[in-house]
Amino acid sequence: MTAGAWTLLVSVLAAVLFGVVWRWREGRIRRNETEDSVLNRLPDELAEKISADTAPSTQVVLLQLSTAFCAPCRHTRILLGDFAQRTEGVQHVEVDLTDHPEWSEPLGVHRTPTTLVLDRGGRELFRIHGVPRREELTRTLQPLLA
């Protein structure tokens, strides 16, 4: 084989490996180890929106951070909205970062959709990048809602 063929083969293998790793990580739930409240890091306007959209009986808030032209954000909105309607104690709140990109910095959001799973006090329990996997979300939240 020539040097060009080897280069092509290595490039294809690297791209396939990258794609497999990316696909495996997409939609996975990542636990948060900090104890601080997310609401303390938010601008007042955003904290008020979350508080206003949250019912008193809510145990878990699914805070979806989206942008206007994000196709996976639409899928996430449908999935989380349906999940919240079917699950007692869960509230879905969507925030569009298009008009307020500065809100992404205090939350550490670098891509959309990102979903923060918050407890009643606003503490981040989990973080999901990409479209969540319904089964994994159900399995992870079940102990919190019992």
Side-chain angles (χ1 to χ4, degrees), residues 1-47 49-50 53-54 58-146:
M1 281 170 77
T2 66
W6 280 108
T7 303
L8 178 62
L9 180 63
V10 169
S11 298
V12 168
L13 288 175
V16 168
L17 180 62
F18 177 78
V20 167
V21 170
W22 179 271
R23 177 81 175 171
W24 180 78
R25 291 187 54 157
E26 187 76 5
R28 294 273 181 193
I29 295 176
R30 292 169 181 82
R31 296 192 184 280
N32 185 24
E33 303 301 328
T34 63
E35 294 293 323
D36 67 328
S37 174
V38 170
L39 299 178
N40 295 337
R41 294 184 276 153
L42 297 179
D44 293 336
E45 184 182 350
L46 181 54
K49 176 180 177 26
I50 294 169
D53 289 352
T54 304
T58 299
Q59 295 175 314
V60 175
V61 175
L62 303 174
L63 176 60
Q64 178 187 345
L65 302 160
S66 303
T67 51
F69 300 104
C70 166
C73 295
R74 292 185 210 116
H75 296 291
T76 301
R77 178 185 315 118
I78 292 167
L79 186 140
L80 295 179
D82 181 60
F83 183 85
Q85 282 182 339
R86 294 174 184 241
T87 310
E88 188 174 330
V90 176
Q91 183 83 29
H92 173 232
V93 177
E94 183 179 8
V95 174
D96 189 343
L97 296 176
T98 304
D99 297 326
H100 299 284
E102 70 278 3
W103 290 356
S104 63
E105 187 176 329
L107 295 172
V109 175
H110 304 292
R111 58 182 275 219
T112 58
T114 295
T115 303
L116 305 181
V117 180
L118 310 176
D119 68 5
R120 187 185 314 225
R123 186 173 62 96
E124 180 182 334
L125 304 172
F126 309 104
R127 180 176 291 240
I128 307 165
H129 298 288
V131 179
R133 298 173 183 180
R134 182 184 293 272
E135 300 80 27
E136 188 176 359
L137 185 62
T138 301
R139 188 175 50 252
T140 305
L141 291 181
Q142 205 167 28
L144 300 171
L145 300 172

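Below, all heavy atoms of this structure are taken into account, side chains as well, without hydrogens, waters or symmetry copies.
Residue pairs meeting the disulfide (SG to SG under 2.5 Å) criterion with at least one partner in residues 87-132, sequence neighbours excluded, are absent. Evaluation of the disulfide (SG to SG under 2.5 Å) test over residues 77-146, restricted to residues two or more places apart or in two chains, returns none. Among pairs with a residue in residues 64-128, those fulfilling disulfide (SG to SG under 2.5 Å) read Cys70-Cys73, at least two apart in sequence or across chains. Among residue pairs with one or both ends in residues 76-100, those qualifying as ring-ring contact (aromatic ring centres under 6.0 Å, His included) are His100-Trp103; sequence neighbours excluded. Here disulfide (SG to SG under 2.5 Å) pairs that include residues 96-139, with residues two or more places apart or in two chains, number zero.
Surrounding CD of Glu102 are more than 12 heavy atoms belonging to other residues, nucleotides or ligands, all under 6.0 Å away.
Of all the heavy atoms in His75 and Ala71, the pair that sits closest is CD2-O, 3.4 Å. Residues Pro72 and Val131 approach most closely at O-CG2, 3.6 Å, considering heavy atoms. Taking all atoms of both residues into account, the shortest heavy-atom contact from Leu97 to Ser104 is CD1-CB, 3.9 Å.
Atom CZ of Phe126 is separated from atom CG of Leu137 by 9.0 Å, given to the nearest 0.5 angstrom. Considering OG1 of Thr87 and CD of Gln59, their distance stands at 11.0 Å, rounded to 0.5 Å. A distance of 9.5 Å separates CG of Leu118 from CZ of Arg127, quoted to the nearest 0.5 Å. Rounding to the nearest 0.5 Å gives a distance of 12.0 Å between CD of Gln91 and CG of Leu80. Between atom CZ of residue Arg77 and atom CG of residue Leu62 there is a gap of 14.5 Å, rounded to the nearest 0.5 Å.
With sequence neighbours left out, the salt bridge (Lys or Arg N to Asp or Glu O under 4.0 Å) criterion links Arg134 to Asp82.
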Under the criterion side chain to side chain contact (heavy atoms under 4.5 Å, CB included), I'd like the reasoning laid out for Leu125 against Leu144: C-alpha separation, chi angles, the key distance, then a yes or no.
CA-CA 10 Å; Leu125 304 172; Leu144 300 171; 3.6 Å; yes
Worked verdict on Thr112 versus Thr76 for side chain to side chain contact (heavy atoms under 4.5 Å, CB included):
CA-CA 10 Å; Thr112 58; Thr76 301; over 6 Å; no
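With Ile128 as the fixed residue, the side-chain contact (heavy atoms from CB on, under 4.5 Å) test singles out one of Thr140, Thr114, Thr115: Thr115.
Side-chain atoms of Thr98 come within 3.5 Å of backbone N or O of Ala68 as a donor-acceptor pair.
Here the side chains of Val60 and Asp119 are not in contact, with every heavy-atom distance at 4.5 Å or above.
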